[in-house]
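Here is the structure we will look at, set down as structure tokens.
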Amino acid sequence: MLKGKTILFGVTGSIAAYKSVDIIRRLIAEGAVVNVVMTEAACRFIPPYTFEIITGMSVYKDLFGDSFSHINLPKEADLLIIAPATANTINKFACGIADNLLTSIWLAYEGVALMAPAMNSRMYRNPIVKKSRVELSGLGVRFIGPAEGGLACGEEGIGRMAEASDVVEAAITALTPKDLAGHRILVTAGPTIEPMDPVRFISNRSSGKMGFAIARAALRRGADVTLISGPTSLRPPDGAAMVYVESADDMEKAVLKDLRKSTSLIMAAAVSDFTPSVINKSKLRKSEITTLKLKETRDILKKVSVQKGKRIFIGFAAETGKNIENAKKKLKDKKLDLIVLNDVSEKGAGFGVDTNIVTIIDKKGSAKEYSLMKKLDVANIILDGLLNLKA
Ligand code: CTP
């Protein structure tokens with residue numbers, strides 16, 4: 001995701017500096033070249049040698065080491081990340097004080113900047129720090145976190161530096177071209193659960209990973225995303241408007257509610273096809289359950305197809321076996337623009353895994369087969385398809 005990108009990474013003096021090692025490792029794994037700049041205080045928390053080993057390059061610390069590094073490093077950078085960002089550095093940045101290499105770099109830098117603050121909660125809430133944060137936000141700096149929780153000083157509160165995955169996600173988002181800006185995409189994900197009594201339900205094996213990957217990829221590309229999800233254990237993608245539902249009925253209501261303001265609908269959810277005919281208010285005794293009576297749920301895509309208008313509808317066909325004819329039938333019946341066929345019985349495809357093997361079929365019946373790839377890459381291919389339909 002970050003191939004060919006150069007990131008200038010500032011580390012300032014906080015105990016959270018140990019987290020930067022993981023962030024930088026992940027940025028490099030995504031293909032970025034990372035130049036590390038450390039303040040004097042940062043070197044007290046973590047030896048520069050640690051960063052030299054993971055980046056394979058020298059760490060920049062000294063304003064007077066190389067006369068032009070404060071000019072050349074920012075010129076070469078596609079993105080500046082300060083993590084951890086202390087109250088001291090945030091205040092200096094806001095005031096334009098250039099008394100070390102990092103603060104001098106800031107004055108010469110003209111691109112996108114991300115900052116992950118880390119400090120005690122009283123310092124974070126201090127009006128001077130708050131004023132600096134507001135000032136920097138106004139200049140376009142994007143703050144990631146901080147989170148609430150246990151702090152190094154033993155207190156609880158706001159001030160914990162954001163997790164590595166959040167900083168990396170923000171970096172990828174900042175560097176992804178916004179070709180979906182203006183799109184409002186409604187995505188459904190996960191299973192639905194259909195209760196038979198207060199403790200039991202029927203459901204399916206969907207993990208939600210495919211729908212969440214579509215939401216994440218669309219957000220990175222600048223779309224507004226509403227993600228309607230059945231029960232999953234996944235973290236919501238940063239920036240998505242989340243709607244949590246349980247049953248097929250709930251999901252239908254949520255889709256109907258949000259469709260009006262959406263330009264596209266991508267139904268990646270594995271909606272339960274059946275629901276118990278009766279939901280018992282109290283727990284059924286074992287002896288009372290001899291047979292389970294089911295009724296069919298309404299087909300959400302079919303139901304909303306009357307409101308399609310100019311919207312793009314994309315569905316999935318979960319099949320066991322590469323049943324292209326069946327997928328084409330679903331595309332037609334549900335009035336879809338594209339259908340993504342996945343053989344859930346294939347190794348590396350379908351439920352619970354991070355990869356998928358799909359065939360994408362359009363309205364003209366042309367089918368394009370893709371080999372095993374990450375769900376995030378499948379998501380981008382689906383979104384490319386959506387953009388091509390729009391063009
Ligand atoms: N879908 C829906 N409402 C349902 C069931 C499915 O909107 N009650 C959507 C799914 O989200 C998916 C598409 O329809 O985008 C196809 O779902 P799939 O489970 O593959 O097919 P079904 O239509 O349920 O048919 P079958 O289970 O018989 O294959």
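Note: hydrogens, waters and symmetry copies are ignored here, and every other heavy atom, side chains too, is used. Just so you know, ligand 1 is whichever comes first in the structure, and atom 1 is the first atom listed for that ligand.
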**Message:** Under a plain distance cut-off of 3.5 Å, with no hydrogens placed, do D343 and S345 share a side-chain donor-acceptor pair?
**Reply:** yes
**Asked** Between K178 and R220, is there a donor-acceptor pair closer than 3.5 Å when you use the side chain of the first and the backbone of the second?
**Response** yes
**Item:** Any protein heavy atom nearer than 4.0 Å to atom 17 (O) of ligand 1
**Value:** yes
**Message:** Once ring pair (Phe, Tyr, Trp, His ring centres under 6.0 Å) is applied, do any residues pair with F93, and if so which ones, sequence neighbours excluded?
**Reply:** W106
**Asked** Which atoms from ligand 1 have a heavy atom of T297 less than 4.0 Å away?
**Response** 8 (N)
**Request:** Between R298 and ligand 1, find which residue part has any heavy-atom pair under 4.0 Å and reply side chain, backbone, both or neither.
**Result:** backbone
**Prompt:** Does F316, backbone or side chain, put an N or O under 3.5 Å from an N or O of ligand 1?
**Reply:** yes
**Complete:** If you scan protein heavy atoms around atom 22 (P) of ligand 1, the nearest is K334 NZ, 3.9 Å
**Prompt:** How far apart are the C-alpha atoms of N342 and E319, what are their side-chain angles, what is the distance that settles it, and do they pass the side-chain hydrogen bond (donor to acceptor under 3.5 Å, both in side chains) test?
**Reply:** CA-CA 6 Å; N342 63 333; E319 303 285 339; over 6 Å; no
**Request:** Give a yes/no on ligand 1: does A248 have at least one heavy atom closer than 4.0 angstrom to it?
**Result:** no
**Any N or O of L301 closer than 3.5 Å to N or O of ligand 1** = yes
**Message:** Within the 4.0 Å heavy-atom shell around A317, which atoms of ligand 1 are there?
**Reply:** 20 (O)
**Asked** Does the ring of F313 carry K308 above it, NZ/CZ under 6.0 angstrom from centre and within 45° of its axis?
**Response** yes
**Message:** Are any of the N/O atoms on A268, whether in the backbone or the side chain, positioned under 3.5 angstrom from an N/O atom of ligand 1?
**Reply:** no
**Protein heavy atom at shortest distance from atom 26 (P) of ligand 1** = K330 NZ, 3.9 Å
**Message:** If the threshold is 4.0 Å, N to carboxylate O, is there a salt bridge linking D384 and R221?
**Reply:** yes
**Message:** Test of understanding: given a 4.0 Å heavy-atom threshold, classify the contact between I300 and ligand 1 as side chain, backbone, both, or neither.
**Reply:** both
**Request:** State the atoms of ligand 1, each with its element, that fall below the 4.0 Å cut-off from a heavy-atom position in A269.
**Result:** 10 (C), 11 (O)
**Side-chain donor or acceptor of S272 paired with backbone N/O of I193 under 3.5 Å** = no
**Prompt:** Are any of the N/O atoms in A318 less than 3.5 Å from those in ligand 1?
**Reply:** yes
**Request:** Please check if the side chain of K209 supplies one atom and the backbone of G352 the other of a donor-acceptor pair under 3.5 Å.
**Result:** yes
**Prompt:** Does any N/O atom on G315 come nearer than 3.5 Å to any N/O atom on ligand 1?
**Reply:** no
**Request:** Pick whichever of D273, L336, N326 has a heavy atom sitting closest to atom 24 (O) of ligand 1.
**Result:** D273
**Message:** Can you confirm if the NZ or CZ of R235 lies within 45° of the ring axis of F212 and under 6.0 Å from the centre of its six-membered ring?
**Reply:** no
**Message:** Could you check whether any side-chain N or O of R160 sits under 3.5 Å from a backbone N or O of E156, counting only pairs where one atom can act as donor and the other as acceptor?
**Reply:** no
